[in-house]
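To keep things clear, I will list the structure first and then write my remarks on it.
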Amino acid sequence: MRVMDQAYDDSLTERYRELSDDIAAAVAVVSATRGSALHAITVDSFLDVSYDPPTMAVSVYSGSRMMETLETSSHFAISLLNSDQRDISERLGASGQPLYGSLKGIDTFPAPQAGQPVLTEAIAWFELELTQVLEVATHNIVVGEVVSMGAGVEAGTSRPLLRWRKGYGTIGKR
């Protein structure tokens, strides 16, 4: 086993990226409205925080257009992608996303509480009221209380899209 010296240098960052790629993670889309425009990005750093009250958190790059959108919105949505939605993940995960029109051509519907865009074919979706933003290094941890949720049209028939070692995959049936 090789242990890295804890003094900061560029190799520490690279080694961290290499080892953190061994963390298998579900892939989701975070979406919100900005004025009348729908905005969305792909994320794999999100989690359920609490069951009582239902609360989730997502990590968003602090200098991103999505963070600007979230700072102006009181609500946002998280749509858990199914294994057939890799193209959506790649499209919404590409750098240089346009501020407007990122969801063009992707089937969505407005969530019931605040109308945040939800992907129709997601396995599950959550609409959240933003409750807290924590600044951590280059990212913000955006925390929200779940105000509505549901299963997408693919919920019973497909598996989640997972990211692992810079690639995509899924898990077998239960």
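None of the values given here were measured: they were computed from a predicted structure.
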Could you state the interatomic distance from CG (Asn82) to CG (Leu161), rounded to the nearest 0.5 Å? 8.0 Å
Among Val29, Asp87, Ile41, the one residue meeting side chain to side chain contact (heavy atoms under 4.5 Å, CB included) with Leu92: Val29
When you measure from the side chain of Thr33 to the backbone N and O of Gln116, does any donor-acceptor pair fall under 3.5 Å? no
Any donor-acceptor pair under 3.5 Å from Arg91 side chain to Thr42 backbone: no
Is Asp107 reaching over with its side chain to a backbone N or O of Glu121, donor-acceptor style, under 3.5 angstrom? no
Run the side-chain contact (heavy atoms from CB on, under 4.5 Å) test against Pro112 and tell me which residues pass, sequence neighbours left out. Trp125, Glu127, Ser148
Which distance, rounded to the nearest 0.5 Å, do you find between the CG of Leu80 and the CD of Gln85? 9.0 Å
Go through the steps to decide whether Glu68 and Arg65 satisfy the test salt bridge (Lys or Arg N to Asp or Glu O under 4.0 Å), and finish with yes or no. CA-CA 5 Å; Glu68 290 174 9; Arg65 291 180 178 150; over 6 Å; no
To the nearest 0.5 Å, what is the distance between CG on Leu103 and NE2 on His39? 9.0 Å
With Ser79, which of Ile88, Thr120, Leu119 fulfils side chain to side chain contact (heavy atoms under 4.5 Å, CB included)? Leu119
Sole candidate of Met56, Gln132, Met66, Met67 that passes side chain to side chain contact (heavy atoms under 4.5 Å, CB included) when paired with Val142: Met67
Separation between CD1 (Ile141) and OG (Ser59), nearest 0.5 Å, reads 4.0 Å
Checking His139 now: which residues fulfil ring pair (Phe, Tyr, Trp, His ring centres under 6.0 Å) with it, not counting sequence neighbours? Tyr61
Is the backbone of Ala40 close enough, under 3.5 Å, to the side chain of Ser31 for a donor and an acceptor to pair up by distance? no
